[in-house]
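This report refers to the structure that appears directly beneath it.
Computed from heavy atoms alone, side chains included, the values below leave out hydrogens, waters and symmetry copies. Since the model is a prediction, treat every value here as computed from it, not as a measurement. Counting starts at 1 for both ligands and their atoms, in listed order.
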Amino acid sequence: MMIQRPRGTRDFLPEEMERRRHYEQLLRQVSLSHGFREVSTPIFENTELFTAKSGPNIVEEIYSFEDKGGREIALRPEVTASVIRMFINEMSNLPRPLKLFYFGQCFRYERPQSGRYREFYQFGAEIIGAPNAETDAEAIALAASLVEGLGLKEYDLKVGHIGILRSRLAELGVPADAAAGILQKLDKKLYDEAAPLLRSHGVQEEEIESLFATTRVAGGKELLADIGGEPGRYLNELFRFLDAYGIEDVVIDLGTVRGLDYYTGVVFEVEAPCLGAEKQVCGGGSYTLSEVLGGEPVFSTGFAIGFDRILLALEREEHAFDAAKLDAYVLPTGEDTREESFRIAARLRRAGLSVDVDLMRRKMSKAMKHAAATGARYAVIVGAKDLAQGTVTIRDMESGEQSLVPVEELAEALSA
Ligand code: HAM
């Protein structure tokens with residue numbers, strides 16, 4: 001019987017891992033350059049951490065189980081709740097703002113398809129600080145720099161304010177605990193399913209239509225003048241800071257709802273149109289979680305990039321990626337120099353070079369073919385006659401040029 005991996009999970013082969021690590025490192029560098037610092041939290045948590053305020057979407061999709069001690073445990077479906085738990089547990093006395101980023105696996109029991117997995121990776125950031133527009137702008141600026149830094153060419157950045165729909169629902173008499181279900185439908189643009197829910201709370205047809213119309217308001221900065229109330233004032237301020245950061249291509253979209261229920265203020269999403277249905281590569285906004293989880297009320301805002309999805313988008317855009325090459329592949333010409341080849345390989349590795357050596361006891365010509373297949377820059381050919389003179393032959397794998405080099409000078413020659 002051949003055992004398969006679980007549905008919605010993936011294996012990553014060396015080439016793919018190299019590509020992933022390359023982009024992961026880029027994301028880290030850009031985040032550090034914006035003054036964010038990395039954190040890491042457990043992959044599993046007590047289930048209630050995620051059921052408290054994540055909304056119906058997430059609760060349905062959670063991987064949870066009872067552990068051997070009878071505790072309700074869940075694999076994390078996202079990392080924001082964990083970061084806020086960590087903040088309450090261990091960081092609440094630290095100077096603010098706290099600017100944190102993370103990278104790791106998340107798990108959701110979803111129907112797998114291209115760009116949608118049961119195990120996937122998020123690169124996210126959270127700011128815990130002051131409730132002002134520049135804090136939200138700082139989060140959006142990092143998201144934009146990350147997407148740019150990865151080299152994604154075509155993407156749309158949409159910004160909205162969930163406070164607009166939340167306060168409209170409250171005015172229409174929809175209780176706060178029922179709002180989550182309605183917003184969940186609106187997030188997915190399932191108007192036919194949202195309408196009966198609204199009716200069940202006594203909302204009239206014309207009010208339903210006007211609410212739906214709000215979710216369809218989208219356009220450029222000229223819309224800012226028409227958005228009233230506190231959300232309007234806040235968005236105007238936010239856009240001044242986004243301007244200052246040079247982030248200009250932003251669509252205002254009041255239909256940006258988000259799937260998670262903890263958002264209370266500015267919300268934003270980045271979409272890569274080349275991905276079709278699963279085009280959302282990043283989502284975030286400001287949210288209320290600390291007090292829900294037993295902490296003090298603090299302002300927090302952040303986002304997460306769907307790492308797998310954004311990599312898929314880069315692949316669709318044929319973004320070139322140069323894999324790191326081995327500096328050298330060491331091969332003996334025969335049994336008599338095999339051990340010496342290992343000694344040479346060890347010496348080169350100690351000198352900081354990336355070096356491989358023949359383990360298959362291949363004949364010279366086959367070993368050379370294999371060396372070429374690894375993509376090594378040089379082959380180091382260790383022959384008995386050369387060795388007697390204290391030299392080896394190095395072969396430039398691209399040009400085919402060969403030269404004799406004293407073993408003592410080998411590391412230097414290969415680094416040149
Ligand atoms: P989210 O929108 O649920 O937000 O997820 C963020 C991103 O993760 C999505 O935009 C998408 O690219 C990716 N993603 C979600 N589900 C899957 C899946 N099944 N397979 C592949 N990729 C997926 C959050 O998780 C919030 N915690 C973001 C946040 C941080 N808000 C404030 N701070």
### Query
Between Arg19 and Glu15, is the closest basic N to carboxylate O distance under 4.0 Å?
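No, Glu15 and Arg19 are not salt-bridged.
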### Task
Output yes when Lys158 and Glu269 qualify as a salt bridge under the 4.0 Å nitrogen-oxygen rule, no when they do not.
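Glu269 and Lys158: salt-bridged.
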### Message
Holding to side chain to side chain donor-acceptor pair (under 3.5 Å), I want the full list of residues that pass it with Ser341, two or more places apart in sequence or in another chain.
### Response
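If we apply the side chain to side chain donor-acceptor pair (under 3.5 Å) test to Ser341, skipping adjacent residues, there are no hits.
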### Residues in side chain to side chain donor-acceptor pair (under 3.5 Å) contact with Arg96, at least two apart in sequence or another chain
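So Arg96 forms a side chain to side chain donor-acceptor pair (under 3.5 Å) with Glu296.
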### Message
Holding to salt bridge (charged side-chain N to carboxylate O under 4.0 Å, His left out), I want the full list of residues that pass it with Arg316, two or more places apart in sequence or in another chain.
### Response
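So Arg316 forms no salt bridge (charged side-chain N to carboxylate O under 4.0 Å, His left out) with any residue.
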### Within the 4.0 Å heavy-atom sphere of ligand 1, strictly under, residues
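These residues qualify: Glu78, Thr80, Tyr102, Arg108, Glu110, Gly115, Arg116, Tyr117, Phe120, Gln122, Glu126, Arg258, Leu260, Tyr262, Tyr263, Gln280, Val281, Cys282, Gly283, Gly284, Gly285, Tyr287, Gly302, Phe303, Ala304, Gly306, Arg309.
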### Query
Cationic tip of Arg20 within the cone over Tyr121's six-membered ring, i.e. under 6.0 Å and within 45° of the normal?
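Ring-cation test returns yes.
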